[in-house]
Each structure stands twice: as C-alpha cells, then as structure tokens.
Amino acid sequence: MTSLLRILALVRKELLAILKDPRSRMTVLAPPILQCLIFGYAASFDLNHVPYALLDHDRSAASRALAAGFDGSGFFERIATLTRTNDIARYVTEGRASLVLVIERDFERHLTAGRRASIQVIVDGRNTNTGGAAQGYASAIATDFVQEWRQEHGQASPGVQVVARAWYNPNLETRWNMIPSLIGTITMMMTMILTAMSVAREREAGTFEQLLVTPFRPFEIMIGKALPSMLVGLIQASSILLVAQLWFRIPFAGSYAVLYLCLIEFLAASVGLGLFISSLARNMQQAMTGSVIVIMPFMLLSGLTTPIGNMPDVLQTITLMNPLRYAISMTRQIYLEGARIPQLLPEMLALLAIAAVTLPVAAWMFRRRLG
Amino acid sequence: MTPAPFPVDVRAVRKTFRRKNGETVEALAGVSFAARARTLTALVGPDGGGKTTLLRILAGLTPADSGGVRVLGLDVAAAPQAVQARIGYMPQRFGLYEDLTVQQNLDLYADLHGVDGAAREQACARLLAMMALTPFTGRLAGKLSGGMKQKLGLACTLVRAPALLLLDEPTVGVDPLSRRELWEIVRRLVRDDALTAVVSTSYLDEAGFCDHTVALHRGVVLAEGAPGEIAAQAAGRVFLATPAAETNARALQARLFQSRDVADAVPEAGKVRVVARTPNAPENAPDTTFAAAQPRFEDGFMLLFDAVADGRAVQSVPAGRAGNAPGNAAPNPVEVRDLVRRFGDFTAVDHVSFQVRRGEIYGLLGPNGAGKSTTFRMLCGLLPASAGSLRVAGADLRRARAGAREKLGYVAQKFSLYGDLSVDENLDFFASAYGLRGHRKRARIAWAKEQFNLDAMASLPAGQLPGGYKQRLAMAAALLHEPEILFLDEATSGADPMARRAFWARIAALAEAGVTVIVTTHFMEEAEYCDRVLIMDGGVALAEGSPAEIRARALPGQDAPTMEAAFISIIETARKTGRAQA
Amino acid sequence: MTPLPSLRRVLALTRKESWQILRDPVSVAIGVAMPLLMLILFGYGLSFDIRHLPVAVVVEHASPESGGILAALRLSPYFRVHPATSMQEAERLMTAHEVNAIVRLPPHFSRDVALGDAALLVTVNATDANNARIALNYTRGAIAIWQQKELARRSASADSEATVVIENRMWFNEANDSTWFLVPGLIVLVMTLIGALLTSTVIAREWERGTFEALFATPVRPGEILASKTLPYFVMGMAGLALSVAGSRFLFGVPLRGSPWLLTLISSLYLLVTLGLGLTISSLTKSQFLANQIAFLSTFLPAFMLSGFMFDIRSMPLWLQGVTHVFPARYFVSSLQTLFLAGDVWPVLLPNMAVLAGMAALLMAMAGKTVRKRIE
C-alpha cells in the first residue's frame with residue numbers, strides 16, 4: 001500500500017515535470033503532430049503529375065491517341081513536346097522530365113498492318129522508385145491503348161485485362177499505411193527518449209541520490225519512471241490517431257480496445273529499452289544520442305519505409321528482435337484490416353517475449369548502476 | 001605606456017538584470033572603488049551582493065548599464081578585447097576542460113595568451129611546481145580533486161603573467177590546506193611579480209590577507225578600507241565569553257543570540273566570540289565571564305552588516321520532535337567498524353571505525369580527497385562498502401528494507417531538489433516519498449513552511465529560489481518525516497557568513513531535540529559546533545574527539561589554538577610521518 | 001591596440017576541440033558508427049526491390065492458357081507461387097498474411113482469351129501500399145510477357161499481331177537497382193548527422209559546463225572560437241564523405257560518374273551550411289537538450305523526409321514542394337544523385353551550388369553574430 005502511494009507520488013511528480021512547463025509540453029505534443037503531418041504529405045510513393053516529355057516521330061492518329069492516354073491518366077503531365085532525338089538527353093539529364101515517351105516512326109502503319117509497333121519509354125533512374133513506378137504506369141497505359149485500338153479496328157484482342165483490387169487500402173495510398181505505422185514509430189521514439197532522459201536528468205541534477213536515500217526501492221523508481229513515459233506515449237498515440245482520422249480521413253477499421261492493449265504492451269517493451277539506455281548513460285547528452293543511435297536501426301529495420309520481406313534473410317532474422325516491427329505490423333492490421341486478437345497473437349507473443357527480456361535486464365542494470 | 005596608478009578604477013557603476021519572470025534585479029547600484037597598483041584588494045559580502053557581476057564587468061564580459069570602468073587605464077566598455085589581452089580572470093566556476101589533461105589545459109591557455117618558446121616552458125614548469133601539480137600533468141582535469149582543480153584554474157589564469165588578476169571566490173569548496181596554499185601563491189605573486197589582484201570572497205577570514213577590502217552589500221559599497229580599519233569598527237565591542245561549567249559553547253551562543261545587544265556570536269576554541277552592538281558585554285548570560293578581545297576583520301564586518309540587515313538572520317528553530325533526549329541505553333544510531341572502500345587499486349576509505357551517539361552533532365573533517373564523502377555515501381547507502389560493517393539506525397542501508405531509510409534525512413552538497421517544481425510540489429513529493437499522507441502530511445508541510453519561512457515562496461519553482469532559500473527548502477524536505485538521523489554533506493559550502501550562522505542555529509536546535517546529525521565540512525570554525533569530530537586524510541581516520549580534545553592533542557603547548565590550526569597540524573604531522581598519503 | 005586575429009589561437013582551440021571529440025564516445029558513435037551502420041543497412045538491407053513475393057494463384061479450371069500464366073508467374077524472380085484451388089482458400093491465405101497477392105484465373109479463362117475478352121483478377125494486400133503497387137506492376141509485367149508470347153504463338157494462325165512493344169530504358173541505372181538510388185542520397189544523412197546534430201551541442205555544452213567564462217576573458221575572438229568549432233567537424237564530415245563514397249563504390253558498386261572534385265566542393269558547401277545551422281542553434285539555445293531537439297526537427301527530419309532522398313519531391317503536394325526549398329538538403333540530394341549517376345550536369349549542379357553557397361554564407365554569418373563574448 002505505501003509502496004503504491006510512493007509510486008503514485010513519483011508518477012505525479014514526473015507528469016508535473018513533463019507537462020507543467022509549456023516549453024516541455026510543446027516538445028511532447030508538437031513533434032508527433034508535426035511529424036505526422038510531414039510524413040502524411042511527404043512520405044508518398046504515389047505518383048501524380050510526373051513530368052514527361054513526348055517525342056512523337058509518327059505524328060499519326062494512333063500516336064496521338066497513345067499520348068492522349070498518357071495525358072489523361074492523371075499520373076503524367078506533359079511538360080514538353082520534343083522534335084529531335086537529341087533533346088531527350090537534355091530533358092532527362094537535367095531532371096526536367098522524369099519520363100520520355102518516344103513513339104517510333106510508322107507506329108500507326110505497323111499497327112494497321114497487323115504488325116508490332118514499338119515505343120520507347122525512357123525514365124530517369126536517379127530515383128528508382130519514381131522511375132520504376134512510371135514504367136509500370138506507362139506499360140499499363142500502352143496495354144489499355146492496344147486493347148482499345150484493336151477493338152476499334154475489329155480485331156479480337158488476345159489481351160488479358162488485369163482487374164486490380166486492393167484490400168484494406170482501395171486506392172493504394174501510401175499515406176494509409178504510413179500514418180498508422182507512425183503511431184508505433186513516434187511513440188517509441190518519444191517514450192524511449194523521455195524515459196532515458198528523465199533518469200539522466202536526475203542523475204545530472206543530483207536529485208537521483210536524493211531519491212535513493214528516501215524509502216523508494218529500485219523497482220518502485222523503475223515503475224515510477226516507466227508509467228509516465230507510457231502515459232505520454234499513449235497521449236501521443238491518441239493525437240496521431242486523431243490526425244489520421246480527422247485530418248487525413250483514413251477510416252479506422254479495428255477496435256480501439258485492441259489497439260490500446262497492443263500499444264500498452266509495445267510501450268512496455270520500449271520503456272524497458274529506455275531504462276536500459278538510461279542505466280548506461282552518464283549524462284543527458286549520452287542518453288539523448290544513445291536513444292537516437294538505438295532508434296535509427298529500429299526504424300530502418302521495421303518495415304516502415306521498405307518492406308521486411310525485401311530484406312536479406314540475415315536482416316529479416318534480426319528484425320525478429322525489433323519491437324517496432326511488431327508494433328507497425330499490429331497497428332496496420334488493426335487500423336486497416338480491423339484485426340482482432342487471435343490474428344495478432346504472434347506479434348503480441350513476440351512483444352511479450354521482448355518485454356520479458358528488456359524489462360528484467362533493465363531492472364538488473366538499473367539496480368547494478370545504483371551501486 | 002606608463003602603468004596606471006590605479007589599475008582598477010570604477011565609478012558609479014550600475015547594472016540591472018531582468019529575470020525570466022520579468023522582475024528586475026539591481027545587481028550594482030552605483031558602485032565606486034579603486035585598486036592601487038601592486039596591491040591585493042578583496043571584495044567581500046554576502047551572496048547576491050554584486051561581487052561576481054562587478055568582476056565580470058571588470059573583465060569586459062558583461063557591459064555596465066552606466067558609470068565608468070577603467071581597467072589598466074583602458075575603458076573596458078570601449079575596448080574589451082584590449083583589456084582581456086592583459087588581464088587574468090578566474091571565474092567562480094573555472095571551466096576546465098575536464099576531458100583534457102592538466103598539461104593540455106595549461107597549453108591551451110598558453111596558446112590563447114600567445115605565450116611560447118622558453119617563456120612558456122619556464123612559466124608552465126614554475127606554475128606546475130608552485131601548484132604542486134607537476135606529478136599530475138598527464139591526468140584528466142576531471143579526475144582532479146576540488147582543490148587541485150582550483151589550483152589548475154589559477155595556473156591557467158597565470159600562464160601569461162597578467163598585469164591584473166581577477167579572482168572570483170577562488171577558494172569555494174577548497175579545504176583549509178589548499179586554501180592556505182592558494183592564498184600564499186596569490187600573495188607571493190602580488191609581492192614578487194608586481195601584480196595587482198582583485199579577489200572576491202565570502203570567507204571573511206581571507207579578507208585579512210588583503211591590503212584593501214571593499215564590502216559589498218545589495219549592490220552598494222557598505223565600507224571600504226584596509227582590513228585593520230574595518231576591524232577597528234568593532235574595537236571595544238568584541239568579547240570572548242567562557243561558558244559556565246555545565247553548559248557548552250553552542251548553548252551559550254544560542255543564548256547570546258537571544259540578546260538585543262549582540263550583533264554576532266560564534267563559537268571559537270571552546271568559547272564564544274561575541275560582537276556587541278554597544279561597548280558593553282551582553283547581560284543575558286549571568287554565569288558567563290566575558291573577556292575583551294582583539295577585533296578581527298570579521299567582527300568589524302559583521303557589525304557593519306548588522307547595522308543594515310533587516311532582521312536577524314539567525315533565529316532559533318525548535319525541532320519537530322520533542323523529548324527523545326540523549327540517552328546511553330539506546331544503541332548508537334551510527335556504528336561503523338573497519339569500513340573499507342576500494343576503487344580498483346585505490347583505497348578511498350581504509351579501515352575507518354566510529355560511533356555516533358543519539359542527539360550528537362558529529363563532524364567528518366578532512367582535506368579534499370580525504371575519503372569523507374566516500375564514507376558519507378556509504379553511510380547513506382548510496383555506495384556499497386568493500387569491507388567492514390556499518391549500521392545506521394540499526395541497519396545496513398545497502399541491504400536493509402526500504403523502510404529503514406525512513407529514519408534518515410539527507411541534504412546533499414549541491415542543491416538537489418527538483419528545480420522545475422514549485423516549493424509546494426517538492427514538499428508534497430518528498431512527504432509522499434516518505435510515506436506521509438492525510439492529515440499528518442498536511443500538518444508536517446505546514447510546519448516546514450512555517451519553520452523555514454517558505455510560505456511567501458511556496459509557488460515559486462525551487463530552481464529560482466535565492467541561494468539561502470534553496471538551502472532552507474532542502475532542509476525542510478529532509479526534516480518532513482522527522483528523521484532520527486540527519487546527514488548533511490558540505491551543506492554550507494559557498495554559503496555566506498550570515499547563512500552559515502542561521503544554518504548552524506537550526507542544526508543545534510535539532511540536536512537538542514534528539515536528532516543525530518552527521519555533517520561534513522571544510523570550515524574548521526564550524527567544527528566548533530560539533531560535539532565530536534573525526535579528522536580524515538588519505539582514507540585514514542587520524543583523530544577523533546571533541547573539538548577541545550582535538551585542539552589540546554594537536555597543539556598541546558598553545559593557549560586556545562584555533563580549530564584550523566589544530567587541523568592543519570594534525571594533517572601535516574600525519575603526512576610527514578607517512579600515515580596517510582595525499 | 002586591439003590584438004589581431006591569431007592563427008595560433010585557432011589552432012590551439014581546434015586541437016582542444018579534436019581531443020574532446022576523440023575522448024567523447026558519443027561523438028565517435030555518431031560520427032563513425034552511425035554512418036557505417038546506415039551505409040551497410042541501406043546498401044545491403046533496405047530496398048524497394050521485390051523478390052519472392054508470395055502470391056496465391058487460383059486456377060479454377062486448368063487449361064493451357066492458365067498453365068501458361070502460372071508458368072510465367074513461376075518463372076518471374078519476383079514471385080513465389082502458392083497454387084490454390086478456390087478463391088476462399090486464397091483469401092484465407094491472404095488474411096493470414098501467408099500471401100500478399102492473389103491472382104485469379106476465372107473458370108472460363110481460356111474461352112475468354114480466345115474471345116479476346118479475358119479478365120484476370122489481381123487482389124493485393126495494400127496495407128503496404130507501395131509494396132502492393134510494385135507487386136501489381138510486376139504482375140502486369142509478367143502477364144504482358146505471356147501475352148507477347150501467346151501472340152507470337154498464335155500469329156502464325158491468326159489474323160493480326162498488332163500490338164505495342166515497349167522498349168523500357170532506365171537511364172543512369174539500367175539494372176533498376178534501388179541501392180544506386182538510396183546510397184548516394186545517404187551521404188546527406190551522414191553529413192547532417194555530423195554537421196548539425198553533433199555540432200548542435202558543442203557551444204551549448206561550453207555554456208552548460210561553464211567553460212566559456214574563463215575562455216572569454218582571454219584575448220580570444222568570437223570568430224576564432226567559431227573557426228575552431230567548425231574545423232574539426234568539417235574534417236570529420238569530409239571523412240564521412242570519403243567513407244560513404246568508398247563504401248558505395250566498393251561494397252555496392254555504385255558508380256561515381258561525375259567529378260570527385262565537384263562532389264567534394266558541393267559536399268563542403270552543404271557541410272558548411274549544416275555546421276552554420278548547428279552552431280547557430282547551439283549558441284542561441286545554450287542548452288544541449290533543446291539544441292539537440294531543434295537540430296533533429298529542423299535538419300535531420302527534413303533531410304530524411306523532404307529532400308528527395310527517399311520520397312520524390314515531385315510527388316508531394318505543391319505547398320509542401322514549396323516548403324522543401326527552405327531546407328538545404330534538397331539541393332544537396334539532387335546534386336548527389338546527379339553527380340553519382342548522371343555526371344557533371346551543370347544545369348542541375350550550378351543552381352544547387354549557388355543556393356548552397358548562399359545559405360552557407362548566410363548561416364555562417366549568423367553563427368558569427370550569435371557567438372559573442374558576453375555573459376549576462
């Protein structure tokens with residue numbers, strides 16, 4: 001009972017220290033929302049209005065129809081109509097056009113004659129993402145063109161129409177998976193830094209020793225440090241959830257209870273890491289940079305920007321130890337797929353295993369460093 | 001250019017600061033003074049008197065709002081670079097680069113001052129020898145003891161013989177031995193190298209080393225003159241009071257402070273040194289014999305200060321716990337046997353044993369690096385012992401259940417409460433931390449705020465409290481749960497004389513009420529307040545006993561030697577005989 | 001009377017700064033370990049290139065056509081095919097995340113193909129939209145290849161072979177290797193880490209530790225302090241550059257098609273910009289924690305998100321594209337990608353260099369203004 005009261009006093013004190021000062025309140029609430037907005041708008045692999053240049057050697061009805069397919073697609077925006085092959089190099093190299101569509105001479109004649117007509121699609125490979133996606137769209141537009149052309153000319157089309165359907169994210173918007181993933185990413189970043197810093201700050205200010213001569217036991221201090229960080233993490237997660245639904249209008253398919261349950265589990269695992277760092281850091285600078293150094297690979301190996309399935313096997317194995325990987329997978333499943341607990345069990349068990357390692361190790365380090 | 005007759009010439013300087021919360025603080029309200037060439041001038045006065053601001057203005061680091069400041073014949077405001085090229089300035093916290101070695105620090109400052117060639121080698125060798133740092137040139141500055149850091153700071157300041165030396169509280173946190181050495185060095189420089197020095201200090205006895213003193217209080221010059229002239233202010237008003245047989249100096253001092261006639265009273269060599277407001281001895285101590293004494297600088301200063309101070313700094317503070325009088329039947333609250341602490345090869349505490357009785361004020365004394373802080377930290381359970389046994393309140397705090405710590409209070413050397421929380425929030429937190437709740441918690445917090453006059457400051461963040469109030473808050477927080485044992489680590493380091501007197505009055509009252517108090521201190525005159533002291537050096541206990549016993553044992557022939565003299569004698573004898581290696 | 005600036009003082013302070021860097025484990029970690037780690041992760045691990053994507057193929061009625069498509073998908077290095085007999089089974093696999101996409105060949109597929117009206121349903125799990133889109137594109141590609149073959153096979157008998165053959169060319173990166181795109185851009189992260197994040201604390205640290213007061217009272221000039229804080233980190237940043245270039249060249253085979261000297265010049269400019277920014281933030285805040293936070297939000301985050309390093313600026317909303325112009329990273333990333341893969345393309349490089357040079361001058365001047373020998 002007294003133990004509980006002591007922990008409550010510590011939690012209250014920590015929350016006061018974080019939330020009382022407007023400046024520190026800002027550093028807790030503003031960055032998540034700011035990052036959420038930046039990611040929401042910037043982190044997009046969706047193409048629209050990719051600048052392209054057309055070099056039409058044929059100048060026929062068919063070539064114009066194909067170019068019209070590009071212009072009307074919404075993916076491409078013609079910024080120039082070239083006349084000479086020599087111009088291509090200039091436009092691509094200088095980065096003015098990401099794609100150049102070259103329609104060969106006799107395009108229409110070949111088609112009418114029932115032969116193969118060829119076009120050339122040149123993309124700027126300096127950004128393989130944009131380049132690759134642009135190629136994909138270009139080939140889809142060309143295929144559509146062929147279907148239509150053949151139908152208009154009474155030819156049976158051997159073509160197979162690919163009808164695409166996307167589950168959970170019908171318009172294939174990057175934002176839809178990016179923002180739910182941020183719930184885990186940002187809260188992890190902040191809770192780890194907060195936990196590590198709150199211990200380091202006390203160490204630097206000398207208040208830690210004052211705390212140690214009071215009847216606090218090490219585990220009470222640990223809990224007292226962990227709970228406020230987790231609470232702040234939940235507040236941040238909620239603010240991101242609000243931005244996702246009210247600003248970006250991404251529909252929430254799952255259950256809030258399941259989401260928060262998973263978040264609490266995840267935050268416990270990351271707070272354990274924060275405490276671990278704090279037990280190693282001698283001052284605030286080390287706590288801060290230590291957290292950044294740990295978070296960076298976690299973020300890169302979490303599937304946030306590049307899918308885990310594309311990684312080499314060694315790295316895929318390493319990601320199994322990354323709590324963020326599970327958090328991102330869980331939030332995406334809950335938010336977009338509406339997943340329930342049975343589906344999330346593998347992730348939940350993995351996180352539980354991670355927490356079962358980090359927390360006791362942190363506790364052990366914590367006790368040891370007090371000596 | 002001919003040397004200016006007054007290397008420092010300050011006329012009607014004003015400086016106002018704006019605090020973060022918008023209120024303005026007048027640090028200097030029209031200060032004028034001059035320092036003659038080749039003299040040592042001391043700036044003395046309580047905290048917040050404006051000493052540091054004045055030195056920073058002289059060094060060209062802070063511009064004055066108005067008034068004229070000429071240093072070495074130059075207008076500081078117009079040509080700070082030129083002034084800085086010719087002075088040496090040692091700030092209160094000399095920022096040594098702790099991750100650089102002693103030699104690297106010294107080299108950096110030599111380069112910055114453009115000293116090179118033979119002059120540099122000579123200067124470095126001489127300074128290192130003078131500061132006794134020659135064996136440590138390869139050591140990281142962060143690994144030096146407090147006194148050695150100060151000496152290295154001084155060496156860095158002196159690496160290019162400056163025309164003017166400005167030192168801001170150079171001896172804060174420095175033990176008496178190092179303090180003495182530092183002053184020796186400065187005096188020798190002024191005497192031999194034709195240097196002019198301006199030194200600020202809140203150790204009043206140090207002003208006696210100087211040629212000229214300027215007493216600053218609340219931004220104005222309270223008095224100015226040779227130390228003798230200040231001392232003469234108290235001529236005929238200084239007495240040494242010998243306590244009656246059944247009482248002690250501490251009790252007598254407390255009683256004397258009750259008198260309207262007394263401006264100052266401090267224990268000294270088993271007696272009490274009294275400065276009276278009138279040329280007559282105070283009348284409220286009938287059994288006491290008063291003998292007239294030679295006035296010192298401190299007496300004169302305290303008298304001057306007493307005239308302008310609003311209200312007495314020292315009030316007797318009744319403690320929370322009554323009864324619980326000292327008794328021999330109960331086990332000693334602190335028992336230490338053969339305590340050892342090693343850090344690698346280095347033995348910081350080497351088989352130290354002592355006991356502290358209930359209601360006793362027990363002092364741990366020793367030079368920097370003697371092992372007293374290590375002992376202290378082991379007692380509080382902050383550091384495990386390598387060997388030996390120790391019991392505090394009947395338990396070893398390292399291993400005991402958390403509840404055992406409820407019996408002790410702890411005030412750290414550095415202010416260590418939560419600076420961003422208000423006074424109320426800090427008190428509330430520590431009350432809860434010690435398991436107080438409900439009515440008792442409210443009652444104790446109210447008691448603490450009343451006792452320590454914290455009501456007016458209750459909503460202010462603790463970090464923004466004036467220095468003296470921070471200390472009061474730290475004490476209040478440590479006493480909320482009515483501890484049986486109170487640990488005070490260098491609690492008066494850097495505090496001005498008034499704050500120190502108030503502090504000790506409080507401690508004495510607590511001890512009267514049965515609280516066991518263990519203190520560490522650098523101020524040897526403060527040892528007089530203790531019932532018993534333990535003197536340590538090099539991790540070894542050198543002497544234990546009451547102040548009178550220590551004095552008698554250390555300097556047997558002398559009549560009433562000061563505690564400082566006794567202390568230095570004990571340490572030096574021990575070092576000579578090789579019992580302790582520093 | 002005022003003493004002249006002195007090279008000797010700058011050197012002494014620079015030496016001091018370098019010792020401090022070498023003795024600080026955190027600086028070494030950020031300056032050396034982090035760039036290496038990122039280089040290796042980005043070079044070996046992180047890629048947008050799909051391989052072995054698990055796909056369920058539902059063949060509801062086996063036929064030569066369906067067999068052909070199945071074979072085409074099987075042959076593709078991008079997919080790992082799980083044959084499924086019914087849509088229910090496939091959907092179950094997808095819900096359980098065992099496959100990421102379903103290709104469904106309807107029962108009358110071969111008849112429809114013959115009629116020229118075949119439809120093939122591709123369902124993707126779009127919880128990772130980018131991956132889903134790439135998967136979709138690859139599926140389309142595999143089917144297009146099958147279509148070409150089919151057309152060729154049938155053209156012998158049938159009427160018309162009329163179709164469009166696309167010759168796809170990816171300039172500068174023929175193999176479409178995303179490492180070539182990511183690794184040069186990585187240099188912007190390395191430089192930002194060293195230039196801004198690491199320096200953001202160096203002036204604040206001196207304020208917090210109280211080392212400035214004694215330093216200020218010496219003849220040292222503010223400009224000399226600034227120079228001594230810039231030099232070691234500049235060297236460190238250039239070492240980071242050399243490390244990244246060597247790594248990308250020898251570990252990942254990324255070509256450097258432009259001039260190394262030009263690369264050095266542009267990197268120096270960017271480094272000066274970040275150093276100016278880091279030092280200005282540091283000397284304005286006088287607090288390590290705050291400086292670090294601000295530096296992270298104002299330099300590292302934009303370098304990651306708003307520079308074109310990973311996300312194409314042209315895909316962003318117009319207002320955000322405008323915002324990216326404020327951050328120096330975009331000019332550097334654009335220069336890096338061009339220098340590595342395209343060569344010395346002056347029309348791209350010159351404007352970038354001009355902007356970076358201007359920013360460097362401005363920020364260094366700002367840093368100079370904020371470092372003053374004043375204690376308030």
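By convention in this document, chain letters (A, B, ...) are assigned in the order of the sequence lines, proteins followed by strands, and residues within each chain are numbered from 1.
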I need the residue from [options] with the largest number of non-hydrogen atom pairs under 4.5 Å to chain A.
{"options": "D428(B), V411(B), L408(B)", "value": "D428(B)"}
{"options": "L421(B), D420(B), N426(B), L417(B)", "value": "L421(B)"}
{"options": "F487(B), Y434(B), F430(B)", "value": "Y434(B)"}

Chain B contact via [X] - which portion, at a heavy-atom distance below 4.5 Å:
{"X": "A205(A)", "result": "backbone"}
{"X": "R201(A)", "result": "neither"}
{"X": "E204(A)", "result": "backbone"}

Nearest-0.5 Å distance that lies between atom [atom1] in [X] and atom [atom2] in [Y]:
{"X": "L211(A)", "Y": "S416(B)", "atom1": "CG", "atom2": "OG", "value": "10.0 Å"}
{"X": "K441(B)", "Y": "L5(A)", "atom1": "NZ", "atom2": "CG", "value": "8.5 Å"}
{"X": "C380(B)", "Y": "L212(A)", "atom1": "SG", "atom2": "CG", "value": "10.5 Å"}

Closest heavy-atom pair and its distance - E209(A), L382(B): OE1-CD1, 3.5 Å

Shortest non-hydrogen contact from A9(A) toward F429(B): O-CD1, 3.6 Å

Any donor-acceptor N or O pair under 3.5 Å, side chains Y418(B), Q210(A): no

Which is it for Y410(B) and T214(A) under the side-chain contact (heavy atoms from CB on, under 4.5 Å) test, yes or no, and what are the steps along the way? CA-CA 9 Å; Y410(B) 172 71; T214(A) 62; over 6 Å; no

Is it the case that over 12 heavy atoms from other parts of the model lie below 6.0 angstrom from the CZ atom of R25(A)? yes

